[in-house]
Amino acid sequence: MQKLITKLLLAAAPMLALPAFAQQEQVAKVAAAQVQRQLSDEQVQLVHSQPWYMAGERFWYSAAVRKNSTAPASRVLYVELLDAKGSTLINQRLVLEDGKAQGDFLLPENMPSGSYTLRTATNWMRNFSTQQHWQEQLTIVNPNEVKALEGRAVTARPLQVRFLPESGIWPAGVPTKIIATVTNAAGIGIAAQGIVADTAGQTLASFKSDESGIAVFSLTATEQQELVAQVQASDYAPQQVALPKPKKQSVGLAVGKVSPIGIQVNVQGQSTVSHVLVAASGGKVYFAQHVTGAEQFTVPWADAAQPQCRLLLLNTGGLVEAEQRIAMPRAAGIELQADRQQYGTRQQVTVTVKGLPAGAWLSTSVAERRAALQQPGGFVAANELRLEHETDRELWEAIAKNETEARFAREPLVEPVRQEGVKGPFQQETFAKQLDTAFVQALPSHVISVAKKYYTRTNIQDIYGLTEPHAASPLPRLPADRVFKLDDYVAFQDVEEAIREVSTNLRMRKKKGKQTVRLLYVAPGTKRMMKDEPLYLLDGVILENMDEIMALDLNDIASIEIAWSEEKLYAGNLGRLVDNGMFAIYTKSGEARERLKAKGLPVLYEQYNLPRNFVMPAAASNDAAQAQLPDFRQQLYWQPYLQVGADGNATFTFYTSDETGVFEIRVQGQTAEGKPVSGSTSIEVKLLN
C-alpha cells in the first residue's frame, strides 16, 4: 500500500506544478511585452569616409534604415553632430529613398579640436532611448591649433580611468568581470597597469590595459569593502581611483562561450526575488525565460543574419537589474583589387570589387590612409564577440515607467513644401576660441604629422586661390508621367516651340497676354483636358505663371517633365497640393533655383539637406595653365551607392592627385539582412621620374 501511494504521488507531481509553471510563463510574457514596448522597430547604420577628421574637411556619409514591423517606413532621417557638452552643432534632415540616404557637411575651419558625437535617427526613433540611435565618437583636429602649440612644453598629462562591472551590476561575493578603460586627455587608449586594494592595503587584483586602453580582470568583493585602484602609465603621474561598490542581494549576467546554437549566459549572484531573462535582436524580443536563482542558459540567436543581441535581466517588479549587449564582429569577405599597386601623380586607377552580397547597401571611399585612433569603443572583445560595457540606463528607466505614449510621430511622407513647427537643417559656423591644450598635446604623433601636412596644403591653396571643386546638389526629381530631354531632339527656335513640339499631352494658349498650359489627362479608357493650369515648377521652385519659364535660355533646359496621374502626383507627395497636374522644367545649370529663391518664391524640399555630388576630376587637362595648379586632394573618391552587377562584382575608376603616400580603398555597408560587411586594400602614389 505504501509503495502504491508513493507511485501515485510521483505521478501527480507534474500536474500539481502546472499552475506554478503557468504563472512563471505569464510573468515572462509580461516582462517580454514590457521590454518590447521600449525597443525601436527601426535601426540605422551609417558609414563615412575617414576614421577621424580635420577642421575644414568635408564629411561624406551614407546611411540605411531597416525596420522589423509592418508600420509605414520613415522617409526622413536626422543626422546631428554634437560637442562634448551635448549641444547640437550640425543638424541635417535628409530624404530616405528605399530606406537609404546620403549626405555631407563641411566641418568649419575654426572648429576646436576635440571629441564630438555623430548621431543618426529617424523622428520615430526619438521615442526610444538614445543608445538605440546610431552614434559614434568622432575626433576632429584643428590644424591651426596643432601648429600654434608646436614646440610648446607639455604642461600636464592627465589620465582618465573608469571601472565598469560586466552587465552594469557587481553582485557582492561573486567573481565578476571588471572592465577598466585608461585614456589620455584626447580619449586615446593608454597602456597602463595597476592594482586594486582594500582600505587595509591588501591587494585583491592586478590588471594591465592593452594598446586600446582596455583591461579586463575578475574580482570578488563584499558590500562592506571600499576598493581603490592605483594606476600607473609611462610618462604619466600615478593616479588613484575608487571602484564602484558591490551590491548585496543582486544578480548580474556573465556571457560565456558562443556557438552556432546560441550564447551561454550565466545568471549569478543572490536575490530574494525571481527574475526574467529577456533577449532582443533587431529591436524585437524573441526570448524570455523565468529565472529562479543562479542558473545557466543558452540564449539562441534570433536569426543567423542578425549580428546584435541585447540581454536584459528584469525582476518580477519590472525593473531592469542587469544588461549585456553582444555583437558579432564586422564581417570581411569583400575582395578589392587595383590594377596596380603603385601609381604616379594624376594617374587613373581602376578597382575591381568581388564577393559583393546581393541586395547589399555599400559605400566606397578612397582617401589618404589615416591610422585609426586606439580608443575604448564601448565594447571589449571576448569569445569571438564584442561585449558592450556601457549600459542603457535610459532604456532601464523607460521600462520601469512602462511608457506607451509616443511623443514623436512617424514621417512616412516627404512634405515638399515648408511645414510649420519642423526644425530645418542647421549648421553652426562660428565657435568661441576655446583651445583645449591638453587634448591637442595628447594626440598621437601620426595625427600631429597629418595635421601639419594639412596646414601646409591649406596655405598653398590659399596662395593659389584654390577652392573646393564645385559639387552642386542634385535636384530631387519628382515622379512624372512623361519626361522629355531636349538634347534628344533637334534644335528649336525658342522655348515656346520646344514645349509645343515635344509633347502631345498638353495644350498651350495665351490668356490675358500670358502663356498658359493645360495638361491632357490620360488613363485606361479615359482622355480629357484638365480644367485649369497645372503646378508650375522651375528647378524645384513653385512659380505663379509661365513668365520665368518663357524667359529661359533654351540651351540651358535639360528636361520638361509633366505628371497628371494620381499615382505619380501622390508618389511625389503633391497630391494634396494640386488638382490639375504638374508641369516642371529642370535646367542644366540649376542657376534658377537660387535666383528664384532670393525673390521669395516657395522652394520644394527647402527643409531638407540635398546631397552634393562628389566631384572627381577627369583625365589630365590639356589646359597648360590649369595643369600647373596644385591638386592636394586627400579624398580621391566617394560613392555612396556602389552599383553591383549580376555576378556580384563591381568596377570603378578614379584619378590620383599631386599628393603622395598610401591611400586606402574601402568598401563598407551591410547586407540586405542588416549584417555589417567591409573590405579594403591600399595603393601607393609616388613621384615618378
Side-chain angles (χ1 to χ4, degrees), residues 44-64 77-84 87-95 100-121 133-145 187 361-373 375 425-431 447 450-451 454-455 457-458 461 467-474 608-616 632-641 657 659 663-669 678:
V44 181
Q45 177 69 28
L46 183 145
V47 298
H48 51 91
S49 55
Q50 289 278 31
W52 48 272
Y53 293 84
M54 293 288 174
E57 284 189 310
R58 185 165 293 279
F59 182 98
W60 300 93
Y61 66 89
S62 178
L77 183 69
Y78 294 84
V79 178
E80 293 180 299
L81 185 68
L82 299 89
D83 63 15
S87 300
T88 300
L89 306 178
I90 297 174
N91 173 53
Q92 294 201 331
R93 192 167 183 255
L94 305 172
V95 177
K100 297 186 290 292
Q102 58 168 310
D104 62 274
F105 50 83
L106 187 64
L107 297 169
E109 293 182 356
N110 57 346
M111 200 170 191
S113 300
S115 292
Y116 296 81
T117 299
L118 184 66
R119 183 181 296 166
T120 310
H133 303 177
W134 185 93
Q135 55 185 347
E136 178 184 346
Q137 181 179 324
L138 201 65
T139 297
I140 299 174
V141 179
N142 189 312
N144 295 320
E145 295 179 347
W361 151 68
L362 298 163
S363 296
T364 307
S365 171
V366 182
E368 172 190 52
R369 172 176 282 177
R370 293 178 182 173
L373 301 178
Q375 297 173 313
F426 165 80
Q427 178 159 344
Q428 186 167 321
E429 299 293 342
T430 59
F431 297 86
V447 175
V450 172
Y454 187 90
Y455 178 87
R457 291 194 203 101
T458 302
Q461 290 169 340
T467 58
E468 183 184 37
H470 182 62
S473 302
Y608 298 91
N609 290 89
L610 301 181
R612 295 160 63 94
N613 286 320
F614 182 85
V615 173
M616 183 178 63
F632 288 124
R633 290 174 299 116
Q634 300 100 59
Q635 185 77 43
L636 302 182
Y637 185 77
W638 168 256
Q639 173 54 255
Y641 307 123
S657 64
E659 188 59 66
F663 287 79
E664 186 171 13
I665 307 169
R666 291 195 299 167
V667 173
Q668 52 186 340
S678 64

Go through L636 and S657 one step at a time and tell me if the side chain to side chain contact (heavy atoms under 4.5 Å, CB included) criterion holds.
-> CA-CA 7 Å; L636 302 182; S657 64; 3.8 Å; yes

Apply the test side chain to side chain donor-acceptor pair (under 3.5 Å) to residues Q45 and T120: give CA-CA distance (whole Å), side-chain angles for both, the deciding distance (0.1 Å), then the verdict.
-> CA-CA 8 Å; Q45 177 69 28; T120 310; over 6 Å; no

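Without hydrogens or angle criteria, Q634 side chain to F632 main chain gives a donor-acceptor distance under 3.5 Å. Proximity of a side-chain donor or acceptor of E145 to a complementary backbone N or O of S113 within less than 3.5 Å is detected. Distance alone, capped at 3.5 Å, is enough to place a donor-acceptor pair between the Q428 side chain and the T430 backbone. The main-chain N or O of V47 is never found under 3.5 Å from a side-chain atom of S62 such that the two would form a donor-acceptor pair.
The two residues L94 and V79 have their closest heavy-atom pair at CD1-CG2, 4.2 Å. Contact detail for A372 and P51: the closest heavy-atom pair is CA-CB, 4.2 Å. Scanning both residues, A63 and L77, for their nearest heavy atoms gives CB-CD2, 3.6 Å. The two atoms that bring Y454 and P143 nearest to each other are CD2-CG, 3.5 Å, heavy atoms only. Among all heavy-atom pairs drawn from M111 and A55, the shortest one is O-CB, 3.8 Å.
No side-chain heavy atom of N91 sits under 4.5 Å from any side-chain heavy atom of L81. Looking only at side-chain heavy atoms (C-beta outward), P108 and Q427 come within less than 4.5 Å of each other. Side-chain contact between Q635 and S365 is present, with at least one heavy-atom pair separated by less than 4.5 Å. With contacts defined as side-chain heavy-atom distances shorter than 4.5 Å, the pair L89/F426 does not qualify. Y637 is listed as a side-chain neighbour of T364, based on a closest heavy-atom distance under 4.5 Å. By the 4.5 Å heavy-atom criterion applied to side chains, T139 and Y53 are not counted as neighbours. Side-chain contact check for L610 versus R612: every heavy-atom pair is 4.5 Å or farther apart. Counting heavy atoms from C-beta on, the side chains of Y61 and P640 never come closer than 4.5 Å.
The CG atom of L46 sits 9.0 Å away from the CD atom of Q668 when rounded to the nearest 0.5 Å. The structure places CZ of R369 at 10.5 Å from CZ of R666, a figure rounded to the nearest 0.5 Å. Residue S678 holds its OG atom at 10.0 Å from CG of L362, rounded to the nearest 0.5 Å. Atom CG in D104 sits 6.5 Å away from atom CD in Q92 (nearest 0.5 Å). In this structure, OG1 in T117 is found 8.5 Å from CG in L138, a value given to the nearest 0.5 Å. Taking CD of Q137 as the reference point, atom CZ of R119 lies at 13.0 Å (rounded to 0.5 Å).
The side-chain contact (heavy atoms from CB on, under 4.5 Å) test with M54 is passed by exactly one of T458, V450, I140, N142: V450. F614 pairs with exactly one of F59, Y641, W60 by the ring pair (Phe, Tyr, Trp, His ring centres under 6.0 Å) rule, that one being W60.
With respect to the salt-bridge test (charged N to carboxylate O, under 4.0 angstrom), the residues R457 and E368 qualify. Look at R370 and E57 and you find a salt bridge, because one of the NZ, NE, NH1 or NH2 atoms lies within 4.0 Å of a carboxylate O, short of that distance. For E468 and R58, the salt-bridge test passes: some basic side-chain N is under 4.0 Å from an acidic carboxylate O.
Counting non-hydrogen atoms of other residues, nucleotides and ligands closer than 6.0 Å to CD of E109 gives a total of 12 or fewer.
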